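Note sheet for the following structure.
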Amino acid sequence: QVQLVESGGGLVQAGGSLRLSCAVSGSIFSTTTMDWYRQPPGKQRELVATITSFGRTNYADSVKGRFIISRDNAKNTVYLQMNSLKAEDTAVYYCHTYLFNHYWGQGTQVTVSS
């Protein structure tokens with residue numbers, strides 16, 4: 001069974017940086033596309049970034065040039081490096097993948113103070 005566990009959230013000042021991690025259990029990690037979503041308070045969950053098994057990446061327009069998604073297949077871990085953070089980035093961030101079913105992490109809170 002696939003399990004995703006996020007970590008690295010916290011409180012940072014606007015303009016600062018933070019790196020989120022998502023540890024994936026199971027044997028399918030190296031073959032699957034991984035995603036980061038976020039859900040701001042009072043809003044719906046939105047896609048932030050994706051990375052394929054071979055390293056192709058996509059980003060939401062709101063984070064292009066500021067966020068970087070990466071993966072370390074040896075550690076079964078996906079990362080989201082967040083730079084130049086804005087108050088609008090405040091949200092619960094979720095790791096996600098799809099393999100016959102959708103799998104979600106428990107979420108990690110990111111709060112950006114202005």
Side-chain angles (χ1 to χ4, degrees):
Q1 182 71 16
V2 176
Q3 291 185 325
L4 314 179
V5 180
E6 303 98 335
S7 62
L11 175 63
V12 298
Q13 290 185 301
S17 297
L18 202 63
R19 189 175 79 159
L20 307 182
S21 298
C22 173
V24 182
S25 64
S27 61
I28 50 79
F29 176 80
S30 63
T31 65
T32 58
T33 295
M34 302 295 301
D35 311 304
W36 283 100
Y37 283 74
R38 69 185 182 188
Q39 187 167 19
K43 297 183 178 181
Q44 294 192 26
R45 194 170 298 183
E46 62 184 2
L47 180 63
V48 175
T50 68
I51 184 166
T52 69
S53 61
F54 52 90
R56 184 183 296 275
T57 60
N58 279 326
Y59 299 92
D61 288 342
S62 59
V63 306
K64 284 181 179 177
R66 299 190 298 121
F67 290 11
I68 301 171
I69 187 171
S70 62
R71 66 193 297 160
D72 185 338
N73 289 342
K75 295 182 177 180
N76 286 0
T77 301
V78 178
Y79 304 96
L80 185 67
Q81 178 67 46
M82 304 184 294
N83 302 312
S84 301
L85 283 162
K86 306 174 181 179
E88 306 90 86
D89 297 318
T90 295
V92 178
Y93 284 72
Y94 296 91
C95 187
H96 165 269
T97 193
Y98 180 84
L99 185 65
F100 306 109
N101 289 294
H102 293 275
Y103 295 93
W104 297 91
Q106 84 287 350
T108 185
Q109 176 71 49
V110 172
T111 302
V112 184
S113 62
S114 59

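All figures in this text were calculated on a predicted structure; none of them were measured in a lab. The chain is numbered in sequence order, starting from 1. Just so you know, these numbers use all the heavy atoms, side chains as well, and skip hydrogens, waters and symmetry mates.
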Requested in this report: List the steps, then state whether side chain to side chain donor-acceptor pair (under 3.5 Å) holds for Arg71 with Asn73.
Outcome: CA-CA 6 Å; Arg71 66 193 297 160; Asn73 289 342; 3.0 Å; yes

**Report entry** Minimum heavy-atom distance between Tyr98 and Phe100, given as atom pair plus value
**Finding:** OH-O, 3.4 Å

**Report entry** CD1 on Ile69 to OG1 on Thr52, rounded to 0.5 Å
**Finding:** 9.5 Å

Query raised in the report: Do Tyr79 and Leu18 belong together in a cluster built from hydrophobic side chains that touch within less than 4.5 Å?
Result: no

Query - N/O donor-acceptor pair under 3.5 Å between Gln106 side chain and Glu6 backbone - result: yes

Requested in this report: Examine Val92 and Leu47 and state if one hydrophobic cluster contains both, with Ile, Leu, Val, Met, Phe, Trp and Tyr joined whenever side-chain heavy atoms are less than 4.5 Å apart.
Outcome: yes

**Report entry** Expected output: side-chain Ser25 to main-chain Gln3 donor-acceptor under 3.5 Å
**Finding:** yes

Report task. Determine whether Ser21 and Lys75 make a side-chain contact, defined as any pair of heavy atoms from C-beta on separated by less than 4.5 Å. Result -> no

Query - Min side-chain heavy-atom separation Glu46-Pro40 under 4.5 Å - result: yes

Query raised in the report: Would you say Ile68 and Leu85 are hydrophobically clustered, going by side-chain heavy atoms of ILVMFWY under 4.5 Å?
Result: yes

Query raised in the report: Run the side-chain contact (heavy atoms from CB on, under 4.5 Å) check on Cys95 and Trp104 step by step: do they pass?
Result: CA-CA 6 Å; Cys95 187; Trp104 297 91; over 6 Å; no

**Report entry** Close side-chain approach of Asp89 and Arg66, heavy atoms under 4.5 Å
**Finding:** yes

Report summary line: So OG1 of Thr50 and NE2 of His96: to nearest 0.5 Å the spacing works out to 11.0 Å

Query - Reported OH-to-SG distance for the pair Tyr93 and Cys22, which is rounded to 0.5 angstrom - result: 14.5 Å

Query raised in the report: Within a strict 4.5 Å, meaning less than it, do heavy atoms of the Met82 and Leu20 side chains meet?
Result: yes

Report task. For the residue pair Val24 and Met34, establish whether any side-chain heavy-atom pair is separated by less than 4.5 Å. Result -> yes

Query raised in the report: Which pair of heavy atoms, one from Ser17 and one from Asn83, lies closest together, and at what distance?
Result: OG-OD1, 2.9 Å

Query raised in the report: Got a salt bridge between Lys64 and Asp61, using NZ or NE/NH1/NH2 to carboxylate O under 4.0 Å?
Result: yes

Query raised in the report: Should Val48 and Tyr59 be regarded as members of a common hydrophobic cluster, given that ILVMFWY residues are connected when their side-chain heavy atoms come within less than 4.5 Å of each other, either directly or indirectly?
Result: yes

Report summary line: Separation between CG (Asp35) and NE2 (His102), nearest 0.5 Å, reads 9.5 Å

Report summary line: Between Ala87 and Ser114 the two heavy atoms that sit nearest each other are CB-CB, 4.4 Å

**Report entry** Heavy-atom check, side chain of Thr90 versus side chain of Gln109, under 4.5 Å
**Finding:** yes

Requested in this report: State, yes or no, whether a side-chain contact exists between Val2 and Leu4 at a heavy-atom distance under 4.5 Å.
Outcome: yes

**Report entry** Spatial distance of atom OG1 (Thr31) from atom CZ (Phe54) [nearest 0.5 Å]
**Finding:** 12.5 Å

Query raised in the report: Is the shortest heavy-atom distance from the side chain of Leu80 to the side chain of Phe67 under 4.5 Å?
Result: yes

Query raised in the report: When rounded to the nearest 0.5 angstrom, what is the spacing between OG1 in Thr32 and CD1 in Ile51?
Result: 10.5 Å

